[in-house]
Amino acid sequence: MNASAPTSAETLRRALGGLLDGLPPKQATAAVERLIANYRGQTPTDAPVLRDRSDVAAYAAYRMPATFEAVRAALDGLAEAAPDWTPGSHVDVGGGTGAATWAVDATWDGPRQTTVLDWAEPALALGRELAAASTSEVLRAAAWRRAVIGSGLTLPEADLVTVSYVLGELTAPARAAVVAEAARAGRAVVLIEPGTPEGYLRIREARDQLIEAGLRIAAPCPHDGTCPIEVGQDWCHFSARVSRSSLHRQVKGGSLPYEDEKFSYVAATRFPTEPAASRITRRPQIRKGLVLLELCGPEGSGLTRVNVTKRQGDLYKAARDADWGQAWPPAP
């Protein structure tokens, strides 16, 4: 694990802070609103998404911190399941301005060969510029390459392949092709999508595909069996807290200094890992002398609710400090 993770996040925020210098606030807001509509599937798929540097800069300043925190949280799940493993190479598919690349750098120390692939040259150019402002040798040495993300994609073999906030932009055949290629090329694969019912279904579908390709689930699921969630009744997702920039507050009209990014993810590997015994699937509910935990447990146990009471001593204290998405019970 990388002890410099907070420093990486601060460096990224500083680099992003300078992106909008000279860009009129109204223009930045308009670009962000249009790009958010595309992100939520409210614009035609044949409309240009990233038109120019102003678009990319505005969207990166708005979305990159949230993507970074969501991906970092997902990577933490993999790192906890494989505490002795460190990726020596990383390919980020559809990486845009590089949020996932920064998250990988914040998760693991050591030298690493990094390649970011995206279809938008303006995004790659800005990602390269942001990486150059980093103190990380890995980020500064990363390769930024244009590629069509979809059917026909060919990836170099890598220890880690990440695909974050990309599958929802693809047709069903293209999604299947990208997941298949990630499974072929990567020793570990981490997929992240928005924490919506639709995003969860894409992750669930990809999870099944990764298992069929011979990978084993490392996180968040405690097992490789069928997901116990009944489709249409609920969905598996988690939350990462994100510090809000002035642009966040300007666009959303909010006053809070933070927001919570909801995301769904799966991490799978071709090497042995130690998945969580159970995973906390909702924010713990704290009552007087009682903590209610909703858990996804071992295969066959399904979804359960556990009451941890004050009389359980240290376990109760751990439950009060537990958070949504963490493994349960805590490590001894």
Residue pair [X] / [Y], side-chain heavy-atom distance below 4.5 Å:
| X | Y | answer |
| --- | --- | --- |
| L303 | L295 | no |
| R204 | I229 | yes |
| R241 | E69 | no |
| F263 | P194 | no |
| S164 | E193 | no |
| T304 | L293 | no |
| L210 | L191 | yes |
| S151 | L153 | no |

Got more than 12 heavy atoms from elsewhere within 6.0 Å of [atom1], [X]?
| X | atom1 | answer |
| --- | --- | --- |
| E274 | CD | no |
| E121 | CD | yes |
| R128 | CZ | yes |
| R145 | CZ | no |

Quick one: side chain to side chain contact (heavy atoms under 4.5 Å, CB included) partners of T281, sequence neighbours excluded?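 T281 satisfies side chain to side chain contact (heavy atoms under 4.5 Å, CB included) with E294, C296 once adjacent residues are dropped.
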Step-by-step side-chain contact (heavy atoms from CB on, under 4.5 Å) determination, E205 to R175: CA-CA 10 Å; E205 179 183 69; R175 280 201 303 271; 3.7 Å; yes
Honestly curious: do [X] and [Y] fall in one hydrophobic cluster under the side-chain, below-4.5 Å linking rule?
| X | Y | result |
| --- | --- | --- |
| W328 | Y316 | yes |
| V179 | V91 | yes |
| V190 | F271 | yes |
| W235 | I203 | no |
| M64 | W144 | no |

Work out which heavy atom in [X] is nearest to a heavy atom in [Y]; give both atom names and the distance.
| X | Y | answer |
| --- | --- | --- |
| D323 | P284 | C-CD, 4.1 Å |
| R283 | Q285 | O-NE2, 3.0 Å |
| G297 | P222 | O-CG, 3.5 Å |
| W119 | I149 | CZ3-CB, 2.8 Å |
| H223 | P228 | NE2-CD, 4.4 Å |

By the definition side chain to side chain contact (heavy atoms under 4.5 Å, CB included), identify the one residue from R287, R305, R282 that meets it with L292.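 Among R287, R305, R282, the one that satisfies the side chain to side chain contact (heavy atoms under 4.5 Å, CB included) with L292 is R305.
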Run through L160, V189, V266, T162 and flag the one making a side chain to side chain contact (heavy atoms under 4.5 Å, CB included) with L78. L160
Can you measure from [atom1] ([X]) to [atom2] ([Y]) and round to the nearest 0.5 angstrom?
| X | Y | atom1 | atom2 | result |
| --- | --- | --- | --- | --- |
| L139 | L130 | CG | CG | 10.0 Å |
| L12 | W102 | CG | CH2 | 5.0 Å |
| I280 | F238 | CD1 | CZ | 10.0 Å |
| T196 | L201 | OG1 | CG | 8.0 Å |

Backbone N or O of [Y] within a donor-acceptor pair of the [X] side chain at under 3.5 Å?
| X | Y | result |
| --- | --- | --- |
| E299 | D224 | no |
| R279 | P220 | yes |
| S89 | D159 | yes |

May I ask you to check if R63 and Y165 form a cation-pi contact, with NZ or CZ under 6.0 angstrom from the six-membered ring centre and within 45° of the axis? yes
Chi angles and distances behind the side-chain contact (heavy atoms from CB on, under 4.5 Å) call for L155, V161: CA-CA 9 Å; L155 301 177; V161 174; 4.2 Å; yes
Check for me whether the distance between the ring centres of W108 and H90 falls short of 6.0 Å. no
Show your working on side-chain contact (heavy atoms from CB on, under 4.5 Å) between R112 and D105 and close with a plain yes or no. CA-CA 9 Å; R112 184 168 48 256; D105 194 63; 3.2 Å; yes
Test side-chain contact (heavy atoms from CB on, under 4.5 Å) applied to D76 and T107, step by step: CA-CA 7 Å; D76 282 346; T107 304; 4.1 Å; yes
